Each structure stands twice: as C-alpha cells, then as structure tokens.
S.K.: 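Right, I'll just put the structure down here and ask away after.
For clarity, every value in this text was computed on a predicted model and none was experimentally measured. Every chain is numbered from 1 and lettered A, B, ... according to where its sequence line falls, protein lines coming before strand lines.
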Amino acid sequence: MPELPEVETIVRGLRSKLECNRFIEVEVYNENTIKNPKCIKEFKERIEGKKIREVKRRGKYILLILEDLAHVIIHLRMTGQLIYSEDQLNFSHLCLSAKLSKGYLYFNDIRKFGTISLLPKDDLAKEKGFWTLGVEPLEESFGIEYLKSKLDTGRPIKSLLLDQRVLAGLGNIYVDESLFLAGISPSKPAKTLSDEEISKLVSAIKFVLTKGIENKGTSFSDFVDSYGDKGTNQNFLQVYGRGGEKCKVCGNVLAKDKIAGRTTVFCLYCQK
DNA sequence: CTTTAGACCTGCTAGC
DNA sequence: TGCTAGCAGGTCTAAA
C-alpha cells in the first residue's frame with residue numbers, strides 16, 4: 001500500500017511522538033517480521049532501553065535512529081501499519097508492539113510482508129534494498145539532468161520509474177498517475193523520451209507526490225496514518241484503479257494492461 | 001542486461 | 001447463500 005506520500009504521512013505523524021521517546025519493552029508476535037538481527041532475543045536486547053533520537057523517511061523506508069546511532073529500518077510492504085497511541089490498543093494482525101516511556105508503538109500487518117531490521121550505523125549495507133536506493137524524487141537532486149542520465153535503456157519507462165535504485169519511493173499508484181499527467185505511455189521505451197517529455201515527467205512526478213502528501217496519502221483499502229486515520233488522495237486519482245472507466249480528460253475508456261509485471265491503467269489517447 | 005514467474009501472506013470481491 | 005479464482009499499495013530470488 002504505502003508509497004512515498006503514505007510513508008511520509010506516517011513519518012510526520014510519528015516524529016513528534018517518538019523523538020526523545022524511549023523503547024521500554026518490545027514484544028515480537030511474528031518472528032519473520034524481524035529480518036535483522038536474526039535472533040529475536042538479540043533484537044530485543046539491542047532495542048530495549050534505547051532512546052529514539054530521530055525519525056526519518058528514505059524512499060518507502062521508515063527510519064528510527066536510536067541514541068547509539070543504530071537504525072531501526074522499517075518497510076511496510078503492502079499492508080503494514082505503524083501506529084502510535086498514548087493508550088494500549090488491540091490489533092488483529094499484530095506483528096510487534098513496543099511499550100515506550102510515553103505511549104505505545106504498534107506494527108500491524110495483515111499480509112505479514114513488512115520487515116524490520118535493527119542495524120548498527122556502520123552496518124547499513126546489510127539492508128540491501130535500503131542501501132541501493134536512488135535519489136529522492138522531491139529533492140533537488142532529482143531533475144531533468146538526473147532522469148536523462150538514467151534513460152539509456154530500452155526498458156519501458158514505467159519499469160524504470162518503479163525501480164527503487166533509480167528513484168526512491170514511487171510505486172504503482174504514483175507511477176501511473178505521473179505518466180498520465182505527463183502524457184506518456186507507460187510502455188514507451190525509456191530511451192525514446194524527448195526532452196520535452198522528460199521535463200514534463202519530472203514535473204508530473206513532483207506534482208503528484210506533493211499532492212499525495214498534502215492529501216495525507218491514498219487509502220485504497222488498508223492505508224492509515226500513524227493515528228489510524230485514512231488519507232484522501234484516492235478521491236483525486238486520475239487513472240489508478242479506474243481501468244474500464246472513462247478518462248477524466250478525453251472521455252475515452254481507460255486501458256488496463258500488465259506492464260513491468262504490474263496492473264497498469266492508462267489512456268490510449270492522452271498518453272503517447 | 002532484461003523480463004517473468006514464483007514466493008512471501010491474508011482478505012476482499014466478482015462471478016458462478 | 002456459498003464456494004472459488006483472481007487480485008491487491010512491494011520486493012526478492014531463480015530461471016529463461
């Protein structure tokens with residue numbers, strides 16, 4: 001579920017609650033959630049008692065940086081939820097709970113794909129997906145020049161945009177939305193994009209992500225922020241989840257196809 | 001280098 | 001009403 005705007009929404013909600021808070025006691029209910037260290041006992045020993053110094057987002061990862069600079073690296077995958085509460089709560093798919101010096105932190109995950117790693121700051125390369133992330137699409141380092149430097153391939157542009165080593169944080173929703181807004185077909189080979197298309201695409205990505213954050217994320221089914229509230233961005237989607245319905249711009253029926261292994265919705269007339 | 005299928009899990013929905 | 005196939009925001013691996 002969560003792409004960059006959803007993860008950013010969660011992080012913004014957690015920041016004031018977690019920074020300077022402290023892990024008192026951690027319970028793990030699903031051992032597979034903990035990737036590193038492999039041993040749950042060791043995980044608990046290394047996190048309990050530690051103060052949280054900083055809460056950050058990088059791509060779709062949530063980072064809790066502890067006082068000893070060790071990183072708790074959390075990935076929500078499809079259905080993970082990270083919820084803070086002053087009071088104790090119950091969840092139906094709880095994977096981990098933490099009693100803090102003030103309040104409680106819960107990791108709830110229906111499909112149990114989500115992962116948590118705890119790594120010393122010199123060992124972050126062990127979390128490979130995290131370590132190899134590309135640039136942040138909302139930062140200045142992402143611009144026309146950067147995108148152009150990555151386009152020398154025959155891969156479909158959608159596949160490139162989903163590649164976290166190129167751009168950190170885009171997923172199926174925001175890629176489809178960005179390509180629609182830029183008027184580019186998702187299957188168009190990356191190397192055939194014109195300068196004008198590259199420029200439009202950069203703007204579209206930044207716009208779509210910024211709006212997603214303003215709307216506090218897209219809640220298609222499971223996404224909730226750190227307080228358990230839904231976002232509103234689903235009300236503004238142009239193409240995602242609308243296959244077979246009418247294009248909001250030209251009125252033609254939106255196409256649905258499998259591209260880069262993912263369901264892709266686009267307009268044959270508006271996207272070339 | 002690239003794409004694709006399968007794996008990891010559970011729940012929801014469309015269709016019979 | 002009830003069952004089943006197919007699908008879902010993600011990523012990793014193995015195989016072609």
S.K.: So, taking the atom named SG in A/Cys267 and the one named NZ in A/Lys272, what distance separates them when rounded to the nearest 0.5 Å?
M.R.: 8.0 Å
S.K.: Give me the stems containing DNA chain C, sorted by first residue, counting only three or more consecutive Watson-Crick or G-U pairs with both distances under 3.5 Å; say none if there aren't any.
M.R.: B:2-8 with C:10-16, B:10-16 with C:2-8
S.K.: In whole Å, what is the span from the OH atom of A/Tyr240 to the P atom of C/dA8?
M.R.: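 Value for this atom pair: 7 Å.
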S.K.: So which heavy atom on A/Pro5 is nearest to which on A/Gly212, and how close?
M.R.: CB-C, 3.6 Å
S.K.: Do A/Asp109 and A/Thr79 get their side chains close enough for a donor-acceptor pair, meaning under 3.5 Å?
M.R.: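 Checked: A/Asp109/A/Thr79 side chains pair up, N/O donor to acceptor below 3.5 Å.
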S.K.: With a cut-off of less than 4.0 Å, is there a side-chain N or O of A/Asn32 near OP1 or OP2 of B/dC9?
M.R.: yes
S.K.: Only one of A/Lys211, A/Glu3, A/Glu6 clears side chain to side chain donor-acceptor pair (under 3.5 Å) with A/Tyr174; which?
M.R.: A/Glu6
S.K.: So, for A/Ala182 and A/Lys200, which heavy atoms are closest and what is the spacing to 0.1 Å?
M.R.: O-CD, 3.6 Å
S.K.: Identify the two heavy atoms, one from A/Leu118 and one from A/Pro37, that lie closest to each other, and give their separation to 0.1 Å.
M.R.: O-CD, 3.7 Å
S.K.: Return the polar atom pairs (N/O with N/O) between nucleotides 10-16 of chain B and the protein under 3.5 Å, or none.
M.R.:
residue: B/dT10; atom: O4'; partner: A/Ile110; partner atom: O; Å: 3.4
residue: B/dG11; atom: OP1; partner: A/His93; partner atom: NE2; Å: 3.2

S.K.: In chain order, what residues pass the salt bridge (charged side-chain N to carboxylate O under 4.0 Å, His left out) check against A/Glu245, with sequence neighbours excluded?
M.R.: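 Only A/Arg242 meet the salt bridge (charged side-chain N to carboxylate O under 4.0 Å, His left out) criterion with A/Glu245.
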S.K.: Show the distances under 3.5 angstrom between N or O atoms of the protein and N or O atoms of nucleotides 11-14 of chain C.
M.R.:
residue: C/dT11; atom: OP1; partner: A/His75; partner atom: NE2; Å: 3.0
residue: C/dT11; atom: OP2; partner: A/Lys60; partner atom: NZ; Å: 2.7

S.K.: Separation of A/Lys258 atom NZ from C/dG10 atom C1', in whole Å?
M.R.: 13 Å
S.K.: Just how far, in rounded Å, is C1' of C/dG10 from CD1 of A/Ile173?
M.R.: 12 Å
S.K.: With the six-membered base ring of C/dG10 as reference, does the ring of A/Phe113 sit under 5.5 Å away with planes under 30° apart?
M.R.: yes
S.K.: Using atom C1' of each nucleotide, how far apart are C/dC7 and B/dA5 to the nearest Å?
M.R.: 16 Å
S.K.: Provide the distance between the two P atoms, one in B/dC9 and one in C/dC3, to the nearest whole Å.
M.R.: 25 Å
S.K.: Find the distance between CG (A/Leu181) and SG (A/Cys270) and round it off to the nearest 0.5 Å.
M.R.: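 Between A/Leu181 CG and A/Cys270 SG, I get 11.0 Å after rounding to 0.5 Å.
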S.K.: With a 4.5 Å limit on heavy-atom distance, are the side chains of A/Phe107 and A/Ile116 in contact?
M.R.: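 With C-beta onward as the side chain, the pair touches.
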S.K.: With the side chain counted from C-beta on, respond yes when A/Leu170 and A/Leu4 share a heavy-atom pair under 4.5 Å apart, and no when they do not.
M.R.: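 Not touching, per the 4.5 Å side-chain cut-off.
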S.K.: What's touching nucleotides 2-6 of chain B from the protein side, N or O pairs under 3.5 Å?
M.R.:
residue: B/dT2; atom: OP1; partner: A/Thr153; partner atom: OG1; Å: 2.8
residue: B/dT3; atom: OP2; partner: A/Arg155; partner atom: NE; Å: 3.4

S.K.: Tell me whether A/His75 contacts the main-chain N or O of A/Ile73 through its side chain, where contact means a donor paired with an acceptor under 3.5 Å.
M.R.: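 Checking the backbone N and O of A/Ile73 against the side chain of A/His75, no donor-acceptor pair under 3.5 Å is found.
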S.K.: Connecting only ILVMFWY residues whose side-chain heavy atoms lie within less than 4.5 Å of each other, what is the rest of A/Val249's hydrophobic cluster?
M.R.: A/Phe180, A/Val239, A/Leu254, A/Val265
S.K.: Taking any heavy-atom pair under 4.0 Å as a contact, classify A/Thr263: base, sugar-phosphate, or nothing.
M.R.: sugar-phosphate
S.K.: Once the angle between the rings of A/Tyr104 and A/Tyr106 is folded into 0 to 90°, is it parallel (under 30°), tilted (30 to 60°) or perpendicular (over 60°)?
M.R.: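 Taking A/Tyr106 first and then A/Tyr104, their aromatic rings lie parallel (interplane angle under 30°).
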S.K.: Measure CG/A/Asn108 against C1'/B/dC9 and give the value in whole Å, please.
M.R.: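 A/Asn108 atom CG is separated from B/dC9 atom C1' by 13 Å.
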S.K.: What nucleic acid atoms does A/Ser219 come within less than 4.0 Å of, heavy atoms only: base, sugar-phosphate, or nothing?
M.R.: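 Answer is base: heavy atoms of A/Ser219 come under 4.0 Å of a base.
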S.K.: Answer yes or no: is there a side-chain heavy-atom contact under 4.5 Å between A/Leu268 and A/Asn252?
M.R.: no
